Asks: 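Okay, here's the structure, questions in a sec.
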2 protein chains.
Amino acid sequence: MFKKVLIAEDHESASISVQKTLTDLNIFHDNRNYVFYCDDALSRIQKAISEGEPYELLITDLSFDEDSPQVVKSGSELIKAARNIQPDLKVLVFSIENRVSVAAGLMSELDIDAFVPKARNDAKDLKAAIEKMAADRKYLSPNLKKTFSPEPAFTFTDYDKTIISMLANGKPQKDIPFYLQRNSIKPSSLSSVEKRFNTIKTILDISSNEQLIAYCKDRKII
Amino acid sequence: MFKKVLIAEDHESASISVQKTLTDLNIFHDNRNYVFYCDDALSRIQKAISEGEPYELLITDLSFDEDSPQVVKSGSELIKAARNIQPDLKVLVFSIENRVSVAAGLMSELDIDAFVPKARNDAKDLKAAIEKMAADRKYLSPNLKKTFSPEPAFTFTDYDKTIISMLANGKPQKDIPFYLQRNSIKPSSLSSVEKRFNTIKTILDISSNEQLIAYCKDRKII
DNA sequence: TTTCCTTTTACGGAAACCCGTAAGCTATTC
DNA sequence: GAATAGCTTACGGGTTTCCGTAAAAGGAAA
């Protein structure tokens, strides 16, 4: 079982629960092993390494309230930075995010070891995850939502997100080409933009740009 | 100080933290005084009344994951139902919602006694709230966000939400009059709908319908 | 009923969007 | 270099939206 664990979680109440879970698992845990900011988490990890007693596990949230300026602003940035200075650090993500697509994405892209959503049985879920990780296994929570009903096989490209965001920001479609050229983004003609919107809407069975914005906002795509 | 408190919270970890807070405040709290579903909360309250030992305080979340069919589906419904059978019950809302406008709305409309957002210092915040309530005072957390930057003095009417939702669902603007007439909603001409959209967008300094949808989705208006 | 005011509806032209077709461009292959 | 395929752009006309103006309908008071 783990001996040295760091908790990065900005919600005090959530942090307390995680600490209690560690206690229940007989993992020694003192007051200095939890932080409320990503920057603090990173410096703790760095310090632990230089003291020759590196952390074995990082439990982190994904989104952190930005009430004071931070270098590292999100859980995923923290994970990247931490892995950069300590590649063997195990990582458990504990977040309100409950879409299996997001969790699986973190598994494959950031190679996290476990994902537990803050949901009905999250405390038990946490324990199961930690035990699994202690046995060197990955853990993807069974409490994750199968995202939206029939998940359409479509992933938005950066280009898509760019032009959709422009629409959502009130830019008229006909002006989008100008801004694309300005930033030298490849297909920049109005015709291309129109075609792309049309393709997206056809695939997703969406009939208007307004509905597309609603769709993207609901799924936090933009 | 309170002696009998009920916790309605679907997140196990959050519930654990609230329980710990009550313990820290020397409020006697046993295993049977927390529930994960609103329906259970209501029946507990009812039972406590009939046993002659009613609860003094209800601590509840606002949104509950609907993983099983429930009669009472949200915190606000629970509060209404609870107050219906026990008008003197004190209520503290503990939610991820952090907009002061929402909290103030609950204060005035449901006459809740305290609102604490799940945020950085929520555990300390909870303690402060409970102590304040024990002294028969109301408590509006200082950690609430002043909502969006300059809060525009504009509130969406039901009519507004109806027509905006139609747009967001992909209905073309020109077809909206038909559906309004069908449900006998008052101004139903295309001209009226156009004018209303124009008024809303002018007031909010929004230039397109797409941006309006984004605005409403961001603020959870629709 | 008449008058006045507000709300709702009708209308029309300009602008924007939608969508199909065709032309142009680029890169790979022969 | 020529040919082909795939991507990008240009163009055009039908539809929808935008927005101003004016007519019609409702409501309250005289």
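Here is the naming used below: chain letters follow the sequence lines, and residue numbers restart at 1 for every chain. What you are looking at is a predicted structure, and each value in this text was computed from that prediction instead of being measured.
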Asks: Roughly how many Å is it from CD in B:Gln211 to P in D:dC18, rounded to a whole number?
Replies: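 These atoms are roughly 13 Å apart.
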
Asks: Just to confirm, is there a sub-4.0 Å distance from OP1 or OP2 of C:dT7 to any side-chain nitrogen or oxygen of B:Ser192?
Replies: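 For C:dT7, neither OP1 nor OP2 has a side-chain N or O of B:Ser192 closer than 4.0 Å.
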
Asks: Please produce a list of atom pairs where a protein N or O lies less than 3.5 Å from an N or O of nucleotides 10-17 of chain C.
Replies:
unit_1, atom_1, unit_2, atom_2, d
C:dA10, N7, B:Ser191, OG, 3.3
C:dA10, N6, B:Ser191, OG, 3.0
C:dA16, OP1, A:Lys174, NZ, 3.3
C:dC17, OP1, A:Gln173, N, 2.9
C:dC17, OP2, A:Lys174, N, 3.0

Asks: Side-chain N or O of A:Asn198 less than 4.0 angstrom from OP1 or OP2 on C:dC18?
Replies: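 Negative; the distance criterion is not met.
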
Asks: Output all residues satisfying side-chain hydrogen bond (donor to acceptor under 3.5 Å, both in side chains) with B:Glu56, sequence neighbours left out; order by chain, then residue number.
Replies: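 If we apply the side-chain hydrogen bond (donor to acceptor under 3.5 Å, both in side chains) test to B:Glu56, skipping adjacent residues, there are no hits.
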
Asks: Is the positively charged end of A:Lys171 above the ring of A:Tyr179, judged by distance under 6.0 angstrom from the centroid and angle within 45° of the axis?
Replies: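 Judged by the rule, A:Lys171 and A:Tyr179 form a cation-pi pair.
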
Asks: Can we say B:Glu66 and B:Lys73 salt-bridge, meaning some charged N sits less than 4.0 Å from an Asp/Glu carboxylate O?
Replies: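 Judged by the 4.0 Å cut-off on N to carboxylate O distance, B:Glu66 and B:Lys73 do not form a salt bridge.
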
Asks: C:dC18 P sits how many Å from A:Ile176 CD1, rounded?
Replies: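 The distance from CD1 of A:Ile176 to P of C:dC18 comes to 10 Å, rounded to the nearest Å.
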
Asks: Answer yes when B:Asp125 and B:Arg120 have at least one side-chain N-carboxylate O distance shorter than 4.0 Å, and no when they do not.
Replies: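 Here B:Asp125 does not pair with B:Arg120 in a salt bridge, since their nearest N and O are not under 4.0 Å apart.
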
Asks: Whole Å only: how far is the NZ atom of B:Lys186 from the P atom of C:dT6?
Replies: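 Going from NZ in B:Lys186 over to P in C:dT6 covers 16 Å.
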
Asks: For B:Ile200 and D:dC18, what is the distance between atoms CD1 and P respectively, to the nearest whole Å?
Replies: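 Between P of D:dC18 and CD1 of B:Ile200: 12 Å.
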
Asks: Which residues pass the side-chain hydrogen bond (donor to acceptor under 3.5 Å, both in side chains) test with A:Thr157, sequence neighbours left out?
Replies: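 Counting only residues at least two positions away or on another chain, A:Thr157 forms a side-chain hydrogen bond (donor to acceptor under 3.5 Å, both in side chains) with A:Asp160.
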
Asks: Please check if any side-chain donor atom of A:Ser74 sits under 3.5 Å from a side-chain acceptor atom of A:Ser76, or the reverse.
Replies: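 Checked: A:Ser74/A:Ser76 side chains pair up, N/O donor to acceptor below 3.5 Å.
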
Asks: What is the distance from OH of B:Tyr159 to C1' of C:dT7, rounded to the nearest Å?
Replies: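 Between C1' of C:dT7 and OH of B:Tyr159: 12 Å.
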
